[in-house]
Amino acid sequence: MSISSGLTGFAVSRWGDDPWALGSWSLIGRHGTPRDRIGLGTPVSTRLRIAGEATHPTRAGMTHGAYEQGADAGAWAAGLGHRRVAVVGAGMAGLAAARALVARGVEAVVFEARDRIGGRTAGVDVGGTGFDLGANWLQQYDDNVLARLAEQCGLTVVATDFTDPLVLGSAVSTTKTDAAGLEDELRSRLAAAPADASIQDVLDDWLRSPAPWAPDVIRRFVDAEIVMDTGAPLSWLSARHGFEPGVGEGDRWIVGGYRLLTDHLAAGLDIRLSHPVYRIEIDRQVTVNGEDSYDAVIVTVPVPVLAAGTILFDPPLPAAHRTALDHLGAGRVEKVILRFDRRFWPVHGYYRVHGPEPTSVSEWLDATPADGIPTLVGLFAGPWLAGLWTGTDSAVARGAAAVFRAASAGHDCGW
Ligand SMILES: Cc1cc2nc3c(=O)[nH]c(=O)nc-3n(C[C@H](O)[C@H](O)[C@H](O)COP(=O)(O)OP(=O)(O)OC[C@H]3O[C@@H](n4cnc5c(N)ncnc54)[C@H](O)[C@@H]3O)c2cc1C
């Protein structure tokens with residue numbers, strides 16, 4: 001690493017390529033509705049239920065939604081009188097399911113494909129301090145079961161105002177008042193769209209008569225709100241249902257990362273790491289990978305992993321569940337953690353940088369409060385990723401750092 005870059009440490013996510021994720025979080029495509037989420041989470045039989053973040057009708061794509069669905073599925077299996085239950089996946093939903101089972105006196109065996117727990121929360125040490133390459137924030141903080149757990153565990157959390165980014169390096173700037181007006185207009189256009197319209201359809205229509213806003217202001221707003229929030233092509237996302245709630249409703253990031261919660265949740269559970277599940281047979285019992293028998297199974301793997309057929313179900317999943325999988329999908333948002341020898345950016349907390357092309361966007365958290373060492377956490381989405389997220393982690397980190405450095409050049413660092 002070149003000393004002149006000022007970069008002293010880094011970590012890079014690869015959610016798009018990761019066979020156990022194949023994307024970042026679940027989304028509703030143009031032919032889908034929230035009923036697909038409910039359909040996917042409806043028990044297949046008394047012995048099989050799917051329960052990950054994607055099955056939450058209103059809190060999908062978030063850790064507390066995953067936790068709630070897992071806990072509900074665990075209570076469901078115990079309520080049916082099952083005594084031994086397999087759980088597939090040791091992410092937030094799987095951990096919650098296993099805990100709910102064990103709390104009711106049911107034996108739970110958790111199969112996890114990776115050699116670590118946490119799923120799309122992924123703790124890493126960078127320069128001796130813990131960060132997360134997946135989820136960072138407790139969203140909807142006031143009504144978030146994991147926020148209450150974080151409080152009980154005495155964790156330090158720091159608020160982020162997503163409505164007040166410092167936009168760096170962009171000729172197009174939006175005031176807070178503009179943003180509020182744009183959001184109202186966007187929401188009402190999306191709500192009024194035909195049932196199978198995409199967000200791109202709505203945007204194209206809006207740009208035909210953009211007044212009182214300049215077209216670039218609208219495009220940048222959509223990039224910041226929807227592309228950054230989904231990482232999916234606008235032409236795939238459902239206009240009515242593809243822009244779901246979550247961000248901007250009271251977000252606080254966990255200093256030290258989510259593993260402070262997942263380690264707590266996993267304590268005492270029977271978790272078999274490096275045990276991918278590839279076959280689930282259901283007859284009078286459930287057989288996992290042709291070996292052990294269980295009374296029931298709770299499957300918490302991400303939607304694209306299920307849709308790819310990574311797990312063979314015998315009998316196959318019913319048509320309603322397969323349709324739900326067709327209607328749902330996931331986008332790609334990647335994260336980079338960058339540590340520097342000095343802070344060269346203005347003190348603000350949260351930043352946005354738009355890319356060279358439309359629908360390329362990144363947002364940045366100043367994570368220096370973690371331990372006082374200058375640190376940025378960057379999230380990238382859109383076509384930018386195809387160019388930036390190639391090569392080694394070091395190349396990605398340098399490329400991402402260069403993006404932020406160039407955008408912040410000329411801004412007073414405030415120190
Ligand atoms: C970059 C990024 C940033 C995010 N930021 C936030 C945030 O700030 N706040 C927030 O609330 N949410 C955030 N999220 C979303 C959040 O991380 C997820 O919604 C949540 O963690 C999903 O939990 P889950 O248990 O449903 O799925 P997962 O965490 O994906 O757990 C599923 C588990 O199943 C395992 N698995 C997969 N296939 C198999 C198999 N065949 N056999 C056995 N095991 C298998 C996986 O390895 C994984 O451990 C973010 C996600 C990403 C990627």
Side-chain angles (χ1 to χ4, degrees), residues 12-16 18-27 40-41 50-56 59-71 73 86-98 110-122 132-141 144-147 160 162 228-231 246-247 249 251-254 257-258 261-262 265-266 271-280 288-289 297-306 308-313 330-337 363 365 377-381:
V12 172
S13 79
R14 307 274 181 173
W15 296 109
D18 183 330
W20 310 118
L22 296 175
S24 298
W25 50 84
S26 69
L27 303 164
L40 188 64
I50 295 170
E53 53 84 7
T55 62
H56 203 295
R59 294 174 176 188
M62 296 181 280
T63 52
H64 56 304
Y67 182 94
E68 286 179 12
Q69 290 304 95
V87 176
V88 185
M92 201 57 86
L95 295 176
V110 184
F111 291 91
E112 170 52 51
R114 295 184 175 108
D115 61 2
R116 62 166 183 83
I117 63 162
R120 282 169 282 166
T121 69
D132 209 305
L133 283 172
N136 228 70
W137 283 271
L138 291 157
Q139 296 176 251
Q140 302 175 325
Y141 190 86
N144 180 328
V145 61
L146 293 174
T160 301
F162 281 106
M228 191 72 254
D229 213 32
T230 62
V247 176
E249 297 177 28
D251 307 84
R252 301 189 197 183
W253 60 276
I254 304 173
Y258 260 95
L261 291 180
T262 51
L265 292 171
I271 301 176
R272 318 258 167 106
L273 296 178
S274 306
H275 270 70
V277 169
Y278 51 86
R279 188 177 180 93
I280 294 176
V288 174
N289 288 349
V297 61
I298 296 169
V299 176
T300 70
V301 312
V303 155
V305 178
L306 272 179
T310 308
I311 301 176
L312 186 86
F313 291 91
R332 184 177 173 213
V333 176
E334 300 288 2
K335 188 183 261 190
V336 62
I337 294 155
E363 66 184 13
L365 171 74
V377 175
L379 286 146
F380 282 77

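One-based numbering, in listed order, for ligands and for the atoms of each.
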Which residue and non-hydrogen atom of the protein lie closest to [atom], and at what distance in Å?
{"atom": "atom 23 (O) of ligand 1", "value": "A66 CB, 3.4 Å"}
{"atom": "atom 3 (C) of ligand 1", "value": "G134 O, 3.3 Å"}
{"atom": "atom 34 (O) of ligand 1", "value": "G89 CA, 3.2 Å"}
{"atom": "atom 35 (C) of ligand 1", "value": "E112 OE1, 3.4 Å"}
{"atom": "atom 41 (N) of ligand 1", "value": "V277 O, 2.9 Å"}
{"atom": "atom 31 (O) of ligand 1", "value": "G91 CA, 3.4 Å"}
{"atom": "atom 39 (C) of ligand 1", "value": "V301 CG1, 3.4 Å"}
{"atom": "atom 32 (C) of ligand 1", "value": "T300 O, 3.4 Å"}

One residue to check: [X]. Relative to ligand 1, which of side chain, backbone, both or neither has a non-hydrogen atom less than 4.0 Å away?
{"X": "T63", "value": "both"}
{"X": "F111", "value": "backbone"}
{"X": "I311", "value": "side chain"}
{"X": "W25", "value": "side chain"}

In Å and rounded to the nearest 0.5 Å, what is the [atom1] to [atom2] distance from [X] to [Y]?
{"X": "T55", "Y": "E53", "atom1": "OG1", "atom2": "CD", "result": "8.0 Å"}
{"X": "T121", "Y": "R116", "atom1": "OG1", "atom2": "CZ", "result": "6.5 Å"}
{"X": "Y141", "Y": "L146", "atom1": "OH", "atom2": "CG", "result": "10.5 Å"}

Any N/O pair [X]/ligand 1 closer than 3.5 Å:
{"X": "T121", "result": "no"}
{"X": "W137", "result": "yes"}
{"X": "P276", "result": "no"}
{"X": "Q139", "result": "yes"}
{"X": "S24", "result": "no"}
{"X": "R120", "result": "yes"}

Please state whether S13 comes within less than 4.0 angstrom of ligand 1, counting heavy atoms only.
-> no
Applying a strict 4.0 Å limit to heavy atoms, is S26 in contact with ligand 1?
-> no
Partner of [X] by side-chain contact (heavy atoms from CB on, under 4.5 Å), out of [options]:
{"X": "L138", "options": "N144, V145, D251", "result": "N144"}
{"X": "V277", "options": "V88, T310, V87", "result": "V88"}
{"X": "V333", "options": "W25, F380, W15", "result": "W25"}

Minimum heavy-atom separation for [X] and [Y], please, with both atom names.
{"X": "V12", "Y": "V336", "answer": "CG2-CG2, 4.0 Å"}
{"X": "V299", "Y": "I311", "answer": "CG1-CD1, 4.3 Å"}
{"X": "A21", "Y": "P302", "answer": "O-CB, 3.9 Å"}
{"X": "D132", "Y": "A122", "answer": "OD1-N, 2.6 Å"}
{"X": "A51", "Y": "T300", "answer": "O-CG2, 3.0 Å"}
{"X": "A90", "Y": "E112", "answer": "N-OE1, 2.7 Å"}

Is a side-chain N or O of N289 found less than 3.5 angstrom from the main chain of Y278, in a donor-acceptor match?
-> yes
Run the numbers on V303 and L40 for side chain to side chain contact (heavy atoms under 4.5 Å, CB included), then give the verdict.
-> CA-CA 9 Å; V303 155; L40 188 64; 3.9 Å; yes
By number and element, which atoms of ligand 1 are closer than 4.0 Å to a non-hydrogen atom of [X]?
{"X": "M62", "value": "10 (C), 11 (O), 12 (N), 19 (O)"}
{"X": "M92", "value": "25 (O)"}
{"X": "W15", "value": "1 (C), 53 (C)"}
{"X": "V305", "value": "38 (N)"}
{"X": "A93", "value": "25 (O), 26 (O)"}

Worked verdict on W253 versus V377 for side chain to side chain contact (heavy atoms under 4.5 Å, CB included) | CA-CA 11 Å; W253 60 276; V377 175; over 6 Å; no
Can you figure out which of [options] has its heavy atom closest to [atom]?
{"atom": "atom 22 (C) of ligand 1", "options": "H64, R59, E53", "answer": "E53"}
{"atom": "atom 15 (C) of ligand 1", "options": "A135, G61, A96", "answer": "G61"}
{"atom": "atom 43 (C) of ligand 1", "options": "A113, A90, A122", "answer": "A113"}

For Y67, check ring-ring contact (aromatic ring centres under 6.0 Å, His included) against everything at least two apart and list the hits.
-> none
